[in-house]
Protein chains: 2
Amino acid sequence: MTRQATTRDPEQTRLRIMEAATDLFVEQGFSSVTMSQLASAAGVTKSLIHHHFGSKEKLWEAVKEHAFAQYFSAQMAMLEEAGEPDAELLRASVEAYFHYLKANPKAVRLFAWTHLEGDTSCGDMDAQLMGAGAEWVRQAQQRGLLRADVNPTHVVAIFVMTCTQWFEAKCHHQHWPGMGNDEAFLEDFLKIFMAGAAPRD
Amino acid sequence: MTRQATTRDPEQTRLRIMEAATDLFVEQGFSSVTMSQLASAAGVTKSLIHHHFGSKEKLWEAVKEHAFAQYFSAQMAMLEEAGEPDAELLRASVEAYFHYLKANPKAVRLFAWTHLEGDTSCGDMDAQLMGAGAEWVRQAQQRGLLRADVNPTHVVAIFVMTCTQWFEAKCHHQHWPGMGNDEAFLEDFLKIFMAGAAPRD
DNA sequence: ACGTTTATTGACCGGCCGGCCAGTTAGCAG
DNA sequence: CTGCTAACTGGCCGGCCGGTCAATAAACGT
């Protein structure tokens with residue numbers, strides 16, 4: 001158990017607020033969540049949230065920044081532990097990205113809300129990841145491991161966007177007739193994607 | 001010019017409200033739009049909106065239903081005017097879908113909002129379209145025009161999801177380094193997708 | 001032991017929210 | 001012209017919104 005608040009612990013309190021806020025914002029988006037909701041979900045008063053975060057907007061920013069930072073470091077770690085480019089590593093990267101999103105549905109929804117808001121605060125972070133991914137594809141192309149007649153950035157974008165949309169819009173397409181489960185879809189996507197990205201004979 | 005309202009025209013008024021509401025909801029989502037905003041954007045009073053639509057929620061439902069109906073009929077028309085299955089027709093379908101989304105950014109955003117809301121009211125409509133698309137792919141597979149070792153529904157889902165995400169998250173990835181414009185991306189996607197969906201040699 | 005700081009509370013605020021309602025006016029059937 | 005229906009308006013309401021503030025109490029330096 002986490003310690004009961006017989007004694008004060010501002011950092012713990014900040015964390016409790018952030019966690020409750022993350023859950024609520026992820027579920028409902030920014031504007032339909034109220035401070036009262038946030039306060040009761042975190043087990044604190046509204047005033048305390050203002051004391052720690054200043055305003056509802058600033059809390060939202062803090063939640064997003066925290067989630068983006070986690071996403072960024074997780075992705076960077078995955079990129080760095082990837083070894084030398086080869087074709088199987090592309091498959092492994094797609095699988096790793098897919099399973100990361102599956103394990104982090106809150107991050108997926110948070111991204112979706114920020115897409116709609118037009119928030120570009122995570123732009124630099126995203127650009128850095130995408131740059132690294134595209135560079136990796138470019139090297140694989142030069143070694144003849146992937147077809148060289150496509151923009152490397154587009155190659156990464158295609159699998160990132162497919163994985164993202166799979167989880168973002170799951171509530172929609174999980175009811176489509178004949179649609180398989182996560183693993184079945186991933187398998188079929190990989191068949192098509194890997195064959196399509198292979199060098200032309 | 002549309003006629004000035006020297007004379008009353010309830011249908012025209014309903015339409016004006018729907019159009020203004022569509023623009024606002026598409027831009028900001030449901031909860032951050034206020035009735036006052038809607039009223040002034042439509043050039044009517046709040047009460048009149050209530051008179052015609054009952055409540056803010058019902059107006060939102062009406063906007064969604066209208067947009068989905070348009071989407072549905074447009075897609076059905078595209079499916080029906082497609083001829084016999086062949087490999088080039090798959091390319092044409094992807095291009096048609098991509099350009100439809102490009103020409104209807106409001107529909108794209110409306111879909112995104114409903115994804116996040118978990119709204120499944122367009123489920124039957126979607127299922128019908130997807131069923132038709134998958135059936136089309138199945139026939140192409142039986143004729144040896146497409147690889148037969150993948151779920152037909154997944155084939156359709158892959159290109160639908162990629163196109164959707166391209167436009168839904170455009171504010172994000174348009175700043176990624178090396179990312180091309182709409183047509184360049186579509187071309188690269190088609191290279192990979194068509195090659196990957198082709199029969200195995 | 002004693003200030004100082006700061007985490008925390010509850011009461012409170014002006015304003016706007018969605019919605020309602022009584023009243024007015026345009027269209028329309030007879 | 002006369003009712004009647006329905007489109008349309010302005011004013012208003014109770015309630016909740018995000019936010020403030022003075023008061024309290026726990027932690028902490030000295």
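The sequence lines fix the lettering, A, B, ..., with proteins before strands; numbering per chain opens at 1. The analysis underlying the following values was restricted to heavy atoms, covering all of them including side chains, and did not include hydrogens, waters or symmetry mates.
Distance, A:L24 CG to D:dC17 P: 13 Å, rounded to whole Å. Rounded to whole Å, atom P of D:dC8 lies 10 Å from atom CD of B:Q12. Taking atom CZ on A:F25 and atom C1' on D:dG18, their separation rounds to 12 Å, with Å as the unit. One can place NE2 of A:H52 at 12 Å from C1' of C:dT9, the figure rounded to the nearest angstrom. For the pair A:I17 CD1 and C:dA7 C1', the computed distance is 10 Å after rounding to whole Å. Rounded to an integer number of Å, the gap from A:F53 CZ to D:dG18 C1' is 16 Å. The nearest whole Å value for the distance from the CG atom in B:L48 to the P atom in C:dG18 is 16 Å. Nucleotide D:dG19 holds its P atom 9 Å from the NZ atom of A:K58, rounded to whole Å.
Base contact: A:T45 has a heavy atom under 4.0 Å from a base atom.
For B:S47 against D:dG10, a side-chain N or O and a base N or O form a donor-acceptor pair under 3.5 Å. The base of C:dG18 sits with one of its N or O atoms less than 3.5 Å from a complementary donor or acceptor on the side chain of B:K46. Checked by distance alone, B:S36 brings no side-chain donor or acceptor within 3.5 Å of a matching partner on the base of C:dC17. With hydrogens and angles ignored, no donor-acceptor pair under 3.5 angstrom links the side chain of A:R8 to the base of C:dT8.
The pair A:D149-A:R200 does not count as a salt bridge, with every side-chain nitrogen at least 4.0 angstrom from each carboxylate oxygen. Ion pairing of B:E61 with B:K64 is present here, as a side-chain N (NZ or NE/NH1/NH2) and a carboxylate O approach within less than 4.0 Å. Salt bridge B:R14/B:E19: absent, no basic N to carboxylate O contact under 4.0 Å.
For the pair B:H51 and D:dA7, the criterion of a side-chain N or O lying under 4.0 Å from OP1 or OP2 is met. Put simply, A:S55 has no side-chain N or O that comes within less than 4.0 Å of OP1 or OP2 on D:dG18. An OP1 or OP2 oxygen of D:dC8 is reached within less than 4.0 angstrom by a side-chain nitrogen or oxygen of B:T13.
Comparing D:dT9, C:dT8, D:dT20 by their nearest atom to the side chain of A:H50 picks out D:dT20. When distances run from any side-chain atom of A:T34 to the nucleotides D:dC8, C:dG19, D:dC17, the shortest one goes to D:dC17. The A:P10 side chain lies nearest to C:dA7 when the options are C:dA7, D:dT9, D:dA7.
Between B:F189 and B:F193, the distance from one ring center to the other falls under 6.0 angstrom.
Along DNA chain D, the nucleotide closest to A:G54 and the one closest to B:R14 are compared, and the more 5′ of them pairs with B:R14.
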Between A:K170 and A:M179, does a side-chain contact (heavy atoms from CB on, under 4.5 Å) hold up when you go through it step by step? CA-CA 11 Å; A:K170 201 162 184 187; A:M179 193 65 101; over 6 Å; no
